[in-house]
> 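First the structure, then my questions, so here it is.
In what follows, chains are A, B, ... by sequence order, proteins preceding strands, each numbered from 1. Since the structure is predicted, the reported quantities are computational estimates derived from the model, not experimental observations.
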Amino acid sequence: MEREEFLSVYRHSLAHIMAKAVIEIYGKENVQYAIGPQIADGCYYDFTLPRPVSEDDIKVIEDKMREIIKRRENWTRKEVSRSEALEIFKDQKFKTELINDLPEDELITVYYTGDDFVDLCRGPHIDNSQELFQAAFQIKNVSGAYWRGDEKRDQLQRIYLFAFPSKDELKAHLTWLKEAQERDHKKIGVALDMFMFRDTAPGMAYWLPRGWTMYSQLMKYSRELQAKHDYNEISAPLINNKKLWLISGHWAHYVNNMFIVPGKTQGTEATDAVSSDETAQFSIEAEDTMAAKPMNCPNAMIEYKRTMHSYKELPIRYSEYDVLHRKEKSGQMNGLFRVQEFRQDDDHTFVSEAQIKDEIKDVIAIADEIYKTFGLTYRAEFSTRPDDFMGDIESWNRAEAALKEILDEKYGEGNYEINEGDGAFYGPKIDLQIKDALGREWQCGTVQLDFQLPHNFELTYVDQDGSQKMPIVIHRAIFGSLERFIGIITEHFKGAYPFWLNPFQVAVVPIREEHNEYAKKVEMALKEAGIRVEVDYSDINMRDKIKRFKNMKDPYILVLGNEEAAAEEVSVNVRGSNQQVRNVPLTKFIEKCKQLNADRTLELPSEF
RNA sequence: GCCAAUGUGGCUCAGGGGUAGAGCAAUUCACUCGUAAUGAAUAGGUCGUGGGUUCGAUUCCCACCAUUGGCUCCA
């Protein structure tokens, strides 16, 4: 049996063992068991139980599973008719629903584990529980889950299980998990003084000097690159009157994700901040109701509309890095990955239909260059026309064909995922997904075609024949949210960012106070060359200075003593090792740093 | 929004019905010319917030807030 097949068979079988254990513990009449599929590192099973599963229960369930396996029970496959199946599971609502939803001609099979447990399943399974003797498993955690992933339906308790063919493999997985948790950007970001969160602004990062330095470098990089591709940056108001959101459609489709500032319907001005006017009433129906922008697009439309446009101007690319606010339901926030305030490397490009393909191609080229700079790999997803699409079907077909052609050229047919009918109602889209340290995927880049907004805002351009045409809008972001992207790269680099990006690039350690003068000279020379440098002039042991800079993961630490001062040299301590590179001429070191900045090099050289 | 867990000095965490403890960090002093944790002393906390139970709550109960892991939804 292939390893993959083996994994799927016995992980799946372990899910049944878990169900059997849970039923024996809680009593069959108290348990509704739903589904128990295998997943990447094990399996899970969904139940409704008489009470929540506690820490103590977890141990009990694990022990019961081991006990069941030791019974060496036979697993028996049985083909049954629909009515037999319904009879077997007559007290099980989820199984009954599953059976009723099976196609008419579907062969229904059930598996007996021992005489007292039966589950609806297409298999295949092991023949006897003793085949699981070597298997290593451990309950991972318990969480809530919705029946059939529908939040309007039953809330189930999902018990996750790690499951591997051997104890060593389980142990290796747990080690991996522990290491992954050490990459957590929430930990590293705090340790490196990058950012913080406070409940004075839930889900909104406070950027500290180091973190903001890096944030600025990302924007600088993005701006430089996009300038080469003829993008024009704009900026627009952070809060807009409700009338804008009514036109854009956000008030109808997105209002639950917006921070609203209700207008005043009656009352006088408050006279002081402490005792405000109690007669004042606020309502989102008031005309002066405002909302913080969750997206940049509507304002970009407003700027486009300022003047008439000729076909000769297209494509018009409006990029922007403005702050966006999106209100999240509680429980959705996650460090920098999911926040309520963020910036995107956003852009709205106005094109004619004929320009779509070339424009998207250029976008993909930019994306490629950016991701390559960070050494990130991503997965592309193509989402096509949904049922409630807007616009004419011919435009959709042409747009989708253009996107598909680009994707095929770029990634090769079949090397990207196609989500049929999953596009936005206003246009098809390409999303780029990147994994975090724990293997969770996050959408970063996105390229979306939009037929709707130009319509809502009645955008036009004058075509060659003098007729009024409606442009198509391309929304795109490559980093996506800069916050999310910084979270991703923090985990990717484990806080040891590339030289060009690190908050401080060079740290300087004068060995004793009498070397401060030379250190100052080195500092100024580095700053002159545009290199971000920090120096510790304090009167403490050099080891302490080095320790602090190492903890902050500065790429190069320069140690300066008599020898260096006399020869205008530096001694370089390279991040990631304790090797010292001695007798490097200062000018040579600076040239190297400038080169690393210019090339945005990923590797950190230890030769100068 | 739902299920569960967590919240103790700047950070990491221990403790537990009788008004709090460690390590790191900070401050002061000493040490300090060769590459990652020198020594001593000092200071710092109404134990997330608000109620309740109790003679007494940081500890038990309730609500709320925030965070984490999932579900759902998204950049």
> With sequence neighbours left out, what residues match A:K187 under salt bridge (charged side-chain N to carboxylate O under 4.0 Å, His left out)?
none

> Would the A:F504 and A:F549 ring centres measure less than 6.0 Å apart?
no

> Which pairs, protein N/O on one side and nucleotides 59-61 of chain B N/O on the other, fall under 3.5 Å?
none

> Got a sec, which pairs hit salt bridge (Lys or Arg N to Asp or Glu O under 4.0 Å) with one end in residues 438-447 of chain A, sequence neighbours left out?
A:R379-A:E441, A:D436-A:R440

> Dot-bracket for RNA chain B, please, read 5' to 3', with Watson-Crick or G-U wobble pairs under 3.5 Å on both distances, ( ) within the strand, [ ] crossing, | other strand, . unpaired.
(((((((..((((....[..)))).(((((.......))))).....(((((..]....))))))))))))....

> Need to verify one output field. Residue with the more 5' nearest nucleotide on RNA chain B, A:F197 or A:E514?
A:E514

> According to side chain to side chain contact (heavy atoms under 4.5 Å, CB included), who are the partners of A:A172, at least two apart in sequence or on a separate chain?
none

> List in chain and number order the residues that pass side chain to side chain contact (heavy atoms under 4.5 Å, CB included) with A:D56, two or more places apart in sequence or in another chain; answer none if no residue qualifies.
A:S54

> Looking at A:N456 and A:S248, what are the two nearest heavy atoms and their distance?
ND2-O, 3.3 Å

> Can you pull out the residues from residues 202-216 of chain A that lie within a 4.0 Å heavy-atom distance of RNA chain B?
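Only A:P202, A:G203 qualify.
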
> Quick one: what's the B/S/- string for nucleotides 68-75 of chain B, heavy-atom cutoff under 4.0 Å, read 5' to 3'?
SBBBBBBB

> What one-letter contact string describes nucleotides 6-16 of chain B from 5' to 3', where B marks a base within less than 4.0 Å of any protein heavy atom, S marks contact via sugar-phosphate atoms alone, and - marks no contact?
-----------

> Would you tabulate the pairs of protein nitrogen or oxygen atoms and nucleotide nitrogen or oxygen atoms of nucleotides 41-47 of chain B closer than 3.5 angstrom?
none

> With sequence neighbours excluded, tell me which residues meet salt bridge (charged side-chain N to carboxylate O under 4.0 Å, His left out) with A:K521.
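Result, salt bridge (charged side-chain N to carboxylate O under 4.0 Å, His left out) vs A:K521: A:E568.
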
> Verify the distance criterion only: is there a donor paired with an acceptor across the side chains of A:T384 and A:E420 at less than 3.5 Å?
yes

> At under 4.0 Å between heavy atoms, which parts of nucleotides 34-39 of chain B does protein reach? Answer with one letter per nucleotide, 5' to 3': B base, S sugar-phosphate only, - none.
BBBBB-

